[in-house]
Number of protein chains: 2
Amino acid sequence: MATRLSDVAARAGVSVKTVSNVINDYPHITARTRAKVEAAIAALDYKPNVSARSLRKGRSDFIALAIPEMGSPYFAELGAAISRAAKRRGVTVLIDQTEGEADAERFVLDGMRGQLIDGIIFSPLATAPAKLTSDSTGKPLVLLGERPAGGQFDRVAVDSVQASHDATSHLVSLGRRRIAAIGVGGTSTGAVRRKGYRKALKEAGLPHDPALELAGTGYHRPDGAASMRELLALPNPPDAVFCFNDLLALGALRTLADAGLRVPEDVAVVGFDDIEDGRYHSPSLTSISPDKEWLADSAVALLLDRITGNDNSTHRDLTVPYKLEIRESSAG
Amino acid sequence: MATRLSDVAARAGVSVKTVSNVINDYPHITARTRAKVEAAIAALDYKPNVSARSLRKGRSDFIALAIPEMGSPYFAELGAAISRAAKRRGVTVLIDQTEGEADAERFVLDGMRGQLIDGIIFSPLATAPAKLTSDSTGKPLVLLGERPAGGQFDRVAVDSVQASHDATSHLVSLGRRRIAAIGVGGTSTGAVRRKGYRKALKEAGLPHDPALELAGTGYHRPDGAASMRELLALPNPPDAVFCFNDLLALGALRTLADAGLRVPEDVAVVGFDDIEDGRYHSPSLTSISPDKEWLADSAVALLLDRITGNDNSTHRDLTVPYKLEIRESSAG
DNA sequence: CTGAAAGCGCTTACAG
DNA sequence: CTGAAAGCGCTTACAG
C-alpha cells in the first residue's frame with residue numbers, strides 16, 4: 001500500500017541501496033543517478049518509514065523533555081524553545097509531564113526504557129539531589145536546573161546563587177532594609193536561591209530574619225499570594241520581596257494590590273524566570289531573565305553530542321547567561 | 001545486548017508467541033504459563049522494542065498535537081491537558097509547533113507523513129477555512145477550534161458565536177453602551193467571535209460602530225495593548241471591551257492602567273479562554289471559560305476511536321461546555 | 001492452547 | 001560506484 005524504498009528503486013531503475021544512499025546523503029553518487037532517484041521519490045511521493053529505520057539503526061531521532069508540567073509559563077516557554085532547537089537539528093521532542101511525582105521521575109532517570117527515544121533532557125523536581133549523583137540510565141541525559149556539586153550528569157543551568165545574590169543586592173541598592181524571600185522551601189531550587197539571597201544580605205550588613213523567609217507549598221501564584229499574606233500579617237512587614245520565581249511574584253503582587261499597598265513605593269518585588277506575564281503586568285515585574293534560547297540550544301546540542309558519541313568528555317556543566325531586568329515593581 | 005522477546009521465551013521455557021500473547025493480554029493463557037512468563041519478564045527487566053512493534057503492527061501509539069505555539073498560555077494549558085488525557089489512554093503525544101506557518105500546517109493536513117504517528121489533533125491558524133473542507137490526509141485528524149459549516153473533519157470546539165454573544169451581553173447588562181471588540185481580524189476565530197459580538201449588540205438595540213472593532217495583527221499581549229491605545233485615542237472611546245482572547249485582554253488592561261483609567265468603572269473588560277494569568281491579575285479578568293479537560297479528553301477519545309476504527313460515523317462535531325466567569329474586570 | 005516461520009521496511013556489511 | 005542478502009525485534013496467520 002504505502003510506497004516503499006523498493007518501489008522507488010524499481011521506478012528509478014537502481015538498487016535499493018542506491019536509493020538509501022541518496023536519502024541519507026551519502027557521497028559518491030553521480031549527479032545523474034541522484035536526479036533519477038529524486039525524481040522517482042517525488043513522483044511516488046515517497047516518505048521513509050520511521051519505525052523501520054529506527055529498528056534498523058537503533059536510533060529514533062526522538063528526544064524526551066521531562067518537565068514537571070507544561071502548563072506553567074516557564075516550562076511552556078522552555079518547552080517551546082527546546083522544541084524549536086530540536087527541530088533545527090533534525091530531531092523531534094516528546095514532552096513528558098512528570099507532575100513532580102517521584103515515580104515518574106524515577107522512570108525518567110531509568111532512561112524511560114521502551115520509549116523509543118535516544119536521550120533525555122530532564123528538569124527534576126521531586127527527586128532528592130542525592131539521587132541525582134549516580135548515572136543509572138542507559139541513555140544520555142542532560143539535567144536542567146540546580147544540582148549539588150559532584151554530580152555525574154551533564155547539566156545546563158543558571159548560576160542561581162549568583163543570580164539570587166544579584167536580585168537581592170538590587171533591592172538593597174534601593175535602600176530596602178527588610179527584604180523577604182518567598183520560595184525557600186522544598187526543592188533544591190529553593191535552597192540554592194536562598195543561599196544567594198542570604199549572601200547578599202550578609203554583604204550588605206543586614207540582619208537575617210527567619211520570619212522573612214517563607215517556604216510555601218509550591219511555586220505557583222496561589223503560593224506566592226498566600227506567602228505574601230503571611231508577610232503582611234507580621235508585626236513588622238517587609239519593604240521588599242524577592243520571589244524565587246515569577247509566578248510566586250505575580251501571586252504576591254495580587255495580595256499587595258488587594259491590601260492596597262503600592263508597588264514599589266511600599267513594597268518592591270523581584271521575581272525569577274522573566275516569563276511574559278510579568279513583563280505585561282501592572283506594575284511590570286523586575287526579574288532575573290535567563291537566556292532561554294541559549295539554554296534550549298545548548299541542552300539540545302549537548303545531548304545530541306552525547307547521543308552521537310561526538311563528545312566523550314566527562315560530565316559538562318554549562319552556565320546559562322542571565323540579566324536582571326529592572327522594571328516597575330522595583331524601579332526607583 | 002538488549003533483552004529480546006526470545007530471551008524471555010527461552011528463560012520462561014515457552015515459545016515467542018506465548019510471550020507476545022502475555023504482553024498483549026490475549027486470552028486463553030493458563031494462569032501458570034502467564035505467571036512463568038511474567039516472572040521471566042521481571043527477571044530480565046524486559047521492555048518491548050517500540051520500533052519493531054510499530055513496524056509490524058503499523059501502529060505507533062503516538063499521536064501528534066499540532067498547535068501554533070506551545071509557549072502561549074492557552075496552548076500550554078491545552079497541551080498539558082491533552083498530554084494527560086493521552087497518557088490515561090496509553091498513547092503518547094508529540095507536540096508540533098506550526099508557528100502559524102502555512103507550510104507547516106499543510107504538512108499537518110497532509111498527515112505528517114513519515115512521522116510515526118497514528119493520528120493528529122490540529123489547531124489551525126494560517127490555513128484558510130476553505131482549505132479545511134476536504135480531507136486530504138490519510139490519517140485520522142481531529143480539528144480544534146472554529147471551522148466553517150460543511151467541513152469534512154471531526155472537530156471539537158466551543159460554540160464561539162454563542163460564547164461571544166454571552167460575553168457581549170454581559171457587558172450590555174452592566175449598562176455599557178459603547179462596547180468595543182479586539183481581535184476581529186485575520187483568522188476564522190476573529191470572524192466567528194465577531195459574529196456573536198454583533199449579534200448581541202443588535203439584540204440590545206445598540207448601534208454597530210466599525211471604529212470600535214479592532215483587528216490588530218495577532219492574539220498576544222502587545223496586540224491587545226496596541227489596539228486599546230487606538231481605542232483610547234478615539235474621540236469617543238468605549239466604556240467596555242470584549243477581547244477575543246485573554247492575552248489581548250491582559251494587554252488591554254496594561255494600556256488602561258498606563259492611561260490611569262479604572263477597570264471596570266471607566267472601562268469594563270472581558271476576555272476569552274480563562275487562562276491562569278487572568279485569574280490572578282489585578283483586576284482579575286472576566287472570561288469565557290471553556291472546559292479544557294473536557295475538550296482534551298473528548299479530542300483524544302474521538303481520535304482514538306477513529307484510529308482503532310471503533311467509530312465509522314461521518315464526521316463528528318463536539319461542542320465544548322463553557323462558562324462565563326465573572327470577575328473584577330467587569331464586576332458590578 | 002503452543003511452535004516454527006514469514007514478513008513489516010529499512011540499513012549495512014559484503015561482494016563485485 | 002552499485003547489487004543481493006541478511007537482519008533489526010516484533011506480530012500474526014498457519015499448523016498442530
Side-chain angles (χ1 to χ4, degrees), chain A residues 1-38 40-41 44-62 90 113-118 138 307-309, chain B residues 1-38 40-41 44-62 90 113-118 138 307-309:
Chain A
M1 31 178 51
T3 36
R4 298 184 316 273
L5 205 57
S6 56
D7 300 326
V8 176
R11 175 161 184 130
V14 299
S15 80
V16 163
K17 172 77 163 88
T18 304
V19 178
S20 177
N21 284 346
V22 169
I23 289 171
N24 294 291
D25 263 339
Y26 289 143
H28 311 308
I29 301 168
T30 56
R32 207 167 147 277
T33 305
R34 177 182 297 278
K36 256 194 319 193
V37 171
E38 281 168 352
I41 288 175
L44 297 173
D45 192 22
Y46 168 74
K47 296 281 191 313
N49 178 307
V50 183
S51 301
R53 169 178 290 175
S54 68
L55 171 58
R56 184 54 234 243
K57 297 193 29 164
R59 268 195 62 183
S60 65
D61 289 330
F62 279 80
R113 300 209 11 250
Q115 274 305 104
L116 186 70
I117 50 168
D118 300 331
I307 290 170
T308 56
Chain B
M1 32 177 49
T3 37
R4 298 185 316 275
L5 205 58
S6 55
D7 300 327
V8 176
R11 177 163 183 129
V14 300
S15 80
V16 163
K17 172 76 164 91
T18 304
V19 179
S20 178
N21 284 346
V22 169
I23 289 171
N24 294 290
D25 263 341
Y26 288 142
H28 310 309
I29 301 168
T30 56
R32 206 165 148 279
T33 306
R34 176 182 298 278
K36 255 195 318 194
V37 171
E38 281 168 351
I41 288 175
L44 297 172
D45 192 22
Y46 168 75
K47 297 279 192 313
N49 178 309
V50 183
S51 301
R53 169 179 289 175
S54 68
L55 171 58
R56 185 55 234 242
K57 297 192 29 164
R59 268 195 61 182
S60 65
D61 289 330
F62 279 79
R113 298 202 19 245
Q115 273 307 102
L116 186 71
I117 50 168
D118 300 332
I307 290 170
T308 56

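Letters A, B, ... mirror the listed sequences (proteins, then strands); counts begin at 1.
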Just how far, in rounded Å, is [atom2] of [N] from [atom1] of [X]?
X     : N      : atom1 : atom2 : result
A:R32 : D:dC1  : CZ    : P     : 14 Å
A:Y46 : C:dG9  : OH    : C1'   : 7 Å
B:R4  : D:dC10 : CZ    : C1'   : 11 Å
B:L44 : D:dG9  : CG    : C1'   : 15 Å
B:R53 : D:dC8  : CZ    : P     : 19 Å
A:L55 : D:dA6  : CG    : P     : 17 Å
B:R59 : D:dC10 : CZ    : P     : 18 Å
B:L5  : C:dA4  : CG    : P     : 14 Å

**Touch class at under 4.0 angstrom, heavy-atom based, for A:S54 against every strand present** = nothing
Can you tell me how far apart [atom1] ([X]) and [atom2] ([Y]) are? Round to the nearest 0.5 Å.
X     : Y      : atom1 : atom2 : result
B:S54 : A:N49  : OG    : CG    : 7.5 Å
B:R59 : A:S51  : CZ    : OG    : 12.5 Å
A:D61 : A:I307 : CG    : CD1   : 8.5 Å

**Nearest-nucleotide comparison on DNA chain C, the residue closer to the 5′ end among B:T30 and B:A52** = B:T30
**Prompt:** Would a 4.5 Å heavy-atom cut-off, applied to side chains only, mark B:L5 and B:I23 as touching?
**Reply:** yes
Is the phosphate of [N], meaning OP1 or OP2, less than 4.0 Å from a side-chain N or O of [X]?
X     : N     : result
A:S6  : C:dG9 : no
B:S15 : C:dG3 : yes
B:T33 : C:dT2 : yes

**Complete:** The dot-bracket string of DNA chain D, counting Watson-Crick and G-U wobble pairs with both distances under 3.5 Å, using [ ] for crossing pairs and | for pairs to another strand, is |||.||||||||.|||
Identify each atom pair where a protein N or O and an N or O of nucleotides 12-16 of chain C are less than 3.5 Å apart, giving names and distance.
{"from": "C:dT12", "atom 1": "OP2", "to": "A:Y26", "atom 2": "OH", "distance (Å)": "3.2"}
{"from": "C:dT12", "atom 1": "O4'", "to": "A:R56", "atom 2": "NH2", "distance (Å)": "3.4"}

Tell me the closest heavy-atom pair linking [X] and [Y], and the distance in Å.
X     : Y      : value
A:A52 : B:L55  : CB-CD1, 3.8 Å
B:S60 : B:D118 : N-OD1, 2.9 Å
B:V19 : B:A9   : CG2-CA, 3.6 Å
B:L44 : B:T3   : O-OG1, 3.8 Å

